[in-house]
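All remarks here apply to the structure that follows.
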Amino acid sequence: MPHDDLNPNAFYGGGLAVESYDLFAAEVGQLTGDIDFYLDLARDRGGKVLELACGTGRILTPLVEAGFEVTGVDISRAMLDVADRRLQALRPSAWGRARLVSAPMQDFETQDRFDLVLIPARSFQHLIDPADQRKTLERVWRCLNPGGVLVIDLFDARLEVCVGEPSPPPPREVVDAVSGRRFRRTCLGRHTNPFEQTTGERMRIEELDAQGVVLGSHETSWTLRWSTRQEMAYLLELTGFEALSVYSDFQRSPAAYGGEQIWVARAV
């Protein structure tokens, strides 16, 4: 499976992948507690919040409900449509605190200034060009108030599985407790490129009825770039940030190989 065929953001184009996104995200154990983590940081920092790659509003909506003024940016119009529906379900005094913008995070322009910027759920790793990573952080630095804080969540790649053609994991199924819709995600193949530090996956998303009959299906893909902790430390320093903390999970455990890289950094 050629690396160049993997669009880093194809998954977010719409259809069943987006419709089932939150259900599968809830199954990712490494993200357990992330919403409470970001709410605690927002309460500590106060002020205005910018969320890059806000997606379906999974994190943005609780922040708005908690009283924060939040701007959400995402490259996917389909994901933002879901976020907009979530916000419209809130009382007007709440959804009026939110603003949604369709733009790549590396090209986002704003005259606003923020006290807290979030790049959650490994979204930063969809920037597979290191130049775009640096460009994004430079833009974040420019739109932060003095002393403002950036939080980035990455996975810490286990290097022994970052070479060759890893075996695909077994299919996963989830059910929407509200609508009863049932989805299955099957990995069709994985590709790694140690030289470029990327890993890609092709997958099939299916909607099933109660008897397991396929009602709809489409294939899609994504690509992520991994970064080591030292690489991220230097990149943050290069773009004007001072790392305050790095955790391995959202319970604030110390940094550990193979967990998450949750960076909390201050603009200096």
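Any value given below was found using the heavy atoms of this structure, including those in side chains, with hydrogens, waters and symmetry copies removed. All values reported here derive from a predicted model rather than from experimental measurement. For this chain, numbers begin at 1 and follow the sequence in order.
- Among residues two or more places apart in sequence or in another chain, the side chain to side chain donor-acceptor pair (under 3.5 Å) test is passed with S253 by D249.
- Nearest approach of L31 to A25, heavy atoms of both residues: CD1-O, 4.3 Å.
- In this structure, R204 and R185 have side chains that are not in contact, with every pair of non-hydrogen atoms separated by 4.5 Å or more.
- For the pair S20 (side chain) and L23 (backbone), a donor-acceptor distance under 3.5 Å is absent.
- For L80, the side chain to side chain contact (heavy atoms under 4.5 Å, CB included) partners two or more places apart in sequence, or in a different chain, are C54, D74, R77, L100, S102.
- A donor and an acceptor atom, one from each side chain of Q125 and Q133, are nowhere located under 3.5 Å apart.
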Q: Take T186 and I205 through the test side chain to side chain contact (heavy atoms under 4.5 Å, CB included) and record every step on the way to the result.
A: CA-CA 7 Å; T186 303; I205 315 292; over 6 Å; no

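- Salt bridge annotation for R58-D34: present, with a cationic side-chain nitrogen under 4.0 angstrom from a carboxylate oxygen.
- Here the side chain of D115 pairs no donor or acceptor atom with the backbone of R45 at under 3.5 angstrom.
- Remark: R85 engages D81, V82 in a side chain to side chain contact (heavy atoms under 4.5 Å, CB included) (not counting sequence neighbours).
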Q: Go through the steps for T223 and H126 under the test side chain to side chain contact (heavy atoms under 4.5 Å, CB included), then give the verdict.
A: CA-CA 6 Å; T223 305; H126 284 291; 6.0 Å; no

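- Residue L16 comes nearest to S217 through the heavy atom pair CD1-N, 3.8 Å, listed as atom of the first residue, atom of the second, then distance.
- N193 contributes no side-chain N or O that, together with a main-chain N or O of Q197, makes up a donor-acceptor pair within less than 3.5 Å.
- One N or O on the side chain of D209 and one on the backbone of G212 form a donor-acceptor pair closer than 3.5 Å.
- Judged purely by atom type and a 3.5 angstrom limit, R97 uses its side chain to pair as donor or acceptor with the backbone of V64.
- Without hydrogens or angle criteria, R139 side chain to F108 main chain gives a donor-acceptor distance under 3.5 Å.
- In this structure, R122 and L154 approach most closely via the heavy-atom pair CG-C, 4.0 Å.
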(Q) Is there a side-chain hydrogen bond (donor to acceptor under 3.5 Å, both in side chains) between T199 and R190? Walk through the geometry before answering. (A) CA-CA 7 Å; T199 180; R190 286 180 166 176; 5.9 Å; no

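- In this structure D40 satisfies the salt bridge (charged side-chain N to carboxylate O under 4.0 Å, His left out) test together with R43, sequence neighbours excluded.
- Partners of F68 under the ring-ring contact (aromatic ring centres under 6.0 Å, His included) rule, at least two apart in sequence or in another chain, do not exist in this structure.
- A donor-acceptor contact closer than 3.5 angstrom is absent between the side chains of T239 and R134.
- Checked for salt-bridge contact, D107 and K135 meet the test: a charged N lies under 4.0 Å from a carboxylate O.
- E207 is linked by a salt bridge (charged side-chain N to carboxylate O under 4.0 Å, His left out) to R181, counting only residues two or more places apart in sequence or in another chain.
- Looking only at side-chain heavy atoms (C-beta outward), M203 and F11 come within less than 4.5 Å of each other.
- Judged by distance alone, the side chain of T192 and the main-chain N or O of P194 form no donor-acceptor pair under 3.5 Å.
- No more than 12 heavy atoms of other residues, nucleotides or ligands sit less than 6.0 Å from atom CD of E237.
- Across all their heavy atoms, A53 and M105 have their closest contact at CB-CE, 3.9 Å.
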(Q) Pair E27, R172 - check salt bridge (Lys or Arg N to Asp or Glu O under 4.0 Å), show working. (A) CA-CA 9 Å; E27 299 288 308; R172 297 164 56 200; 5.5 Å; no

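- By the 4.5 Å heavy-atom criterion applied to side chains, T71 and V49 are not counted as neighbours.
- The shortest distance between side-chain heavy atoms of L235 and L137 falls below 4.5 Å.
- Clustering of Ile, Leu, Val, Met, Phe, Trp and Tyr by side-chain heavy atoms under 4.5 Å joins Y257 with F155, L159, L224, W226.
- If you take CD1 on I119 and OG1 on T136, they are separated by 6.5 Å, rounding to the nearest 0.5 Å.
- Scored by the ring-ring contact (aromatic ring centres under 6.0 Å, His included) test, F114 finds no partners at all (sequence neighbours excluded).
- In plain terms, the two heavy atoms of P169 and C187 that are nearest each other are CD-CB, 3.7 Å.
- Not a single side chain to side chain donor-acceptor pair (under 3.5 Å) links Q30 to another residue, sequence neighbours left out.
- Ring-plane geometry between F37 and F250 is classed as perpendicular, the angle between the planes exceeding 60 degrees on a 0 to 90 degree scale with a lower cut at 30.
- A donor-acceptor distance shorter than 3.5 angstrom exists from the side chain of S76 to the backbone of Y12, with no hydrogens or angles considered.
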Q: Carefully, step by step, assess D153 and F124 under the rule side chain to side chain contact (heavy atoms under 4.5 Å, CB included).
A: CA-CA 8 Å; D153 171 37; F124 187 75; over 6 Å; no

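- Side-chain atoms of T56 and D22 form a donor-acceptor pair, as typed in the model, at a separation below 3.5 Å.
- Taking the side chain as every heavy atom from C-beta outward, R182 and L215 never approach each other to under 4.5 Å.
- With sequence neighbours excluded, no residue forms a side chain to side chain donor-acceptor pair (under 3.5 Å) with E65.
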Q: Given salt bridge (Lys or Arg N to Asp or Glu O under 4.0 Å), test D132 with R225 step by step and report yes or no.
A: CA-CA 11 Å; D132 283 337; R225 182 180 186 275; over 6 Å; no

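- A salt bridge links E206 and R184; the closest N-O separation between the charged side-chain nitrogens and carboxylate oxygens is under 4.0 Å.
- With sequence neighbours excluded, the residues that form a side chain to side chain donor-acceptor pair (under 3.5 Å) with R158 are E160.
- In this structure the side chain of W222 never reaches within 4.5 angstrom of the side chain of N9, judged on heavy atoms.
- A salt bridge does not link R142 with E138: none of the charged nitrogens is closer than 4.0 Å to a carboxylate oxygen.
- For the atom pair CG of D36 and CD1 of I59, the computed distance is 11.0 Å after rounding to the nearest 0.5 Å.
- Taking all atoms of both residues into account, the shortest heavy-atom contact from S248 to I262 is C-CD1, 4.5 Å.
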Q: List the steps and the verdict of side chain to side chain contact (heavy atoms under 4.5 Å, CB included) for L60 and L87.
A: CA-CA 9 Å; L60 180 145; L87 291 168; 3.7 Å; yes

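- Applying the side chain to side chain contact (heavy atoms under 4.5 Å, CB included) test to A255 and every residue at least two apart in sequence or in another chain returns R229, V246.
- Linking ILVMFWY residues whenever their side-chain heavy atoms come closer than 4.5 Å, directly or via other members, leaves L150 and I35 in distinct clusters.
- Side-chain atoms of W263 do not come within 3.5 Å of backbone N or O of V151 as any donor-acceptor pair.
- Side-chain contact between M232 and Q261 is present, with heavy atoms from C-beta onward closer than 4.5 Å.
- You'll find the side chain of Q106 reaches within 4.5 Å of the side chain of L127, heavy atoms only.
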